[in-house]
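Sequence lines set the chain letters: A, B, ... in the order given, protein chains first and strands last, and positions in each chain run from 1.
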Number of protein chains: 2
Amino acid sequence: MSSSPALADLPQIARRTLADTAYDALSDLLASGRLAPGDRLSLRQTAAALGVSVMPVREAVSRLTAEGALDVAPNRALRVPVLTPEAFRALAETRMAVEGLAAARAAERRSPGELAEIRRAEAAFRALAGSARPDGARAVVLNRDLHFAVYAACGLEPLREIIARLWLKAGPVLNLDLRAHPGRLRQGSAMRRHAEAVAAIEARDGPAAAAAIAADIGDAAEFILSRGGLRQAQRP
Amino acid sequence: MSSSPALADLPQIARRTLADTAYDALSDLLASGRLAPGDRLSLRQTAAALGVSVMPVREAVSRLTAEGALDVAPNRALRVPVLTPEAFRALAETRMAVEGLAAARAAERRSPGELAEIRRAEAAFRALAGSARPDGARAVVLNRDLHFAVYAACGLEPLREIIARLWLKAGPVLNLDLRAHPGRLRQGSAMRRHAEAVAAIEARDGPAAAAAIAADIGDAAEFILSRGGLRQAQRP
DNA sequence: CTGCCCGAACTGTGATCACACATCACTAGC
DNA sequence: GCTAGTGATGTGTGATCACAGTTCGGGCAG
């Protein structure tokens, strides 16, 4: 097949289905905490909001329920999962273990470029968290950027995907709280943990990086649990 | 609403949709290696085979693709993912880390009942693997039973789910190989690793349990990689 | 005024149809 | 003889309809 070399320059046409787009839209809502635990959603309503039929939304929702990011009650009602304190604690412990693992590997094998990216993300978060009146929604994004800059450096793509799914489950709880109480950022706990993590990654100290990330997760989880930020999943 | 207390004893009616059933059927095919990497499947054909319309199959497939257990090519072709050697190695490393983590926790906090269940599963596998002509398909099931008896004892349900998804991705490669070459069982490598793991769990030695499970995974992965058991994902 | 019941509106689930696209066998043209 | 175009067939994707089940509010009976 001989043809003009100009064809080689053509960018591949992105082949995105409506279901993919719907999935991204719902994921974003969940990860950013704009969908709170217990919120119900309807296929037809979200389909109307997205301007498509219910089919793409159905597929997106079925993916999210498979990942545990959404919950279909026995009544067939569709809602954002409400975690019991026990389930939330188990999720937090899992995250501490798995994300600690990724952080340790990142510390040991990060490239100079990856380290630079991590430091940049840490600086961005610190600038926001240290400001007079931090924007909760933006803090959510920057915190996520920093964490995933670290996990991207661990060199194991499957591990990164696992963590992304864990964040989808924890996102509504964590970020709803962070949006509601951005003042917690001023306590500096997150900033301190982040600084410890970056220092450990810079020093190629795996265990220290794991400990810092785990402490960051544990601090936030403990704060939310102590505040009773979790509603019970029971109906009266 | 006052009613007879006998009603409290009634078991909940399992509300299984056709999509759930289709998901289980496909998962089983994947986990047991009866669907080999590169195999294509068609919504309409599998729907006909299951005696339902395409809708439930569509939903099951969309869940599986979200988990990475199935792959929808840019051509929209649906197939079991073909792992490159690099991707397979990354998956194996992730499994060694994550499943090692779970095994370590299981060793430290297993209950007597869980230990008994693990020992029973180990004995069942050993009996089969040590037999004259081991049945590959049955070995797949018993190996899975043993591993998940350990992971169930780790006390973190989210971690167990993560591992189940990893097995869905690795299953076609591993189990296709095991079915094709059941003679490898007679080398005793798996049996030795299993025995080490059970001993470590019995002794509540977390690091040793992690090492044994990781070695079990690593041995199998190394064997498959050395045999060139992975086809390239490229088309001629 | 309170408790119950019934019906309208809505839910997810499944089936069916329509469509754009991919694949492959085949044939016309060089 | 080999390539390029063409048609039939099958593919996933999306829309629409049908249905069983739920939810919720209004109205009737007590």
Checklist entry - Under 4.0 Å: is that the gap between some side-chain N or O of B:Q45 and OP1 or OP2 of D:dT11? => result yes

Next on the checklist: Just to be sure I understand the rule, does B:A77 reach a base, reach only the sugar-phosphate, or reach nothing, if contact means heavy atoms closer than 4.0 Å?
Outcome noted: nothing

Checklist entry - Of the nucleotides D:dG14, C:dA15, C:dG12, which one has an atom closest to the side chain of B:R58? => result D:dG14

Checklist outcome for this item: Angle separating the five-pair end axes of the helix from C:dC1-D:dG30 to C:dC30-D:dG1, nearest 10°, is 10°

Checklist outcome for this item: With the side chain defined as heavy atoms from C-beta on, A:P56 is closest, among D:dA15, C:dA15, D:dT11, to D:dA15

Item to check | Nearest-neighbour nucleotide for the B:L78 side chain, D:dG12, D:dG14, C:dT16 considered | outcome: D:dG12

Checklist outcome for this item: The nucleotide from C:dT13, D:dA15, D:dT13 with an atom nearest the side chain of A:L43 is C:dT13

Item to check | Test item: B:R95 and B:I163 side chains (from C-beta on) under 4.5 Å apart, heavy atoms | outcome: no

Checklist entry - Among the nucleotides C:dT11, C:dG14, D:dA15, which one has an atom lying closest to any side-chain atom of A:V52? => result D:dA15

Checklist outcome for this item: Nearest-nucleotide check on DNA chain C, A:R15 vs A:R44; residue mapping nearer the 5' end is A:R44

Item to check | cation_pi(B:R160, B:Y151) dist<6.0 Å, angle<=45 | outcome: no

Checklist entry - Taking the nucleotide of DNA chain D with the closest heavy atom to each, which residue, A:A19 or A:R40, is nearer the 5' end? => result A:A19

Checklist entry - How close or far is atom C1' of C:dT13 from atom CG of B:D20, stated in whole angstroms? => result 11 Å

Item to check | B:D219 bridged to B:R193 by N-O distance under 4.0 Å | outcome: yes

Next on the checklist: What is the separation between atom CG on B:L64 and atom C1' on D:dG12, rounded to the nearest whole Å?
Outcome noted: 16 Å

Checklist entry - Rounding to a whole Å, what distance do you find between B:M55:CE and D:dA15:C1'? => result 11 Å

Checklist entry - Taking CG from B:L70 and P from D:dG12, how many angstroms apart are they, rounded to a whole number? => result 11 Å

Item to check | Charged N-O contact under 4.0 Å between B:K169 and A:E161 | outcome: yes

Next on the checklist: Please tell me if B:S42 has a side-chain N or O lying less than 4.0 Å from either OP1 or OP2 of D:dT11.
Outcome noted: yes

Next on the checklist: Less than 4.0 angstrom from a charged side-chain N to a carboxylate O is my criterion; do B:R63 and B:E59 meet it?
Outcome noted: yes

Checklist entry - Within this structure, what is the CD-to-P distance between A:E59 and C:dG14, rounded to whole angstrom? => result 15 Å

Item to check | Candidate nucleotides D:dG12, D:dA15, C:dG12, ranked by approach to the side chain of A:L18 - the nearest | outcome: D:dA15

Item to check | Value in whole Å for how far the P atom of D:dG10 lies from CG of B:L41 | outcome: 17 Å

Next on the checklist: Any carboxylate oxygen within less than 4.0 angstrom of a Lys/Arg side-chain nitrogen, looking at A:E93 and B:R105?
Outcome noted: yes

Checklist entry - Taking everything shown except A:R34 itself, do over 12 heavy atoms lie less than 6.0 Å from its CZ? => result yes

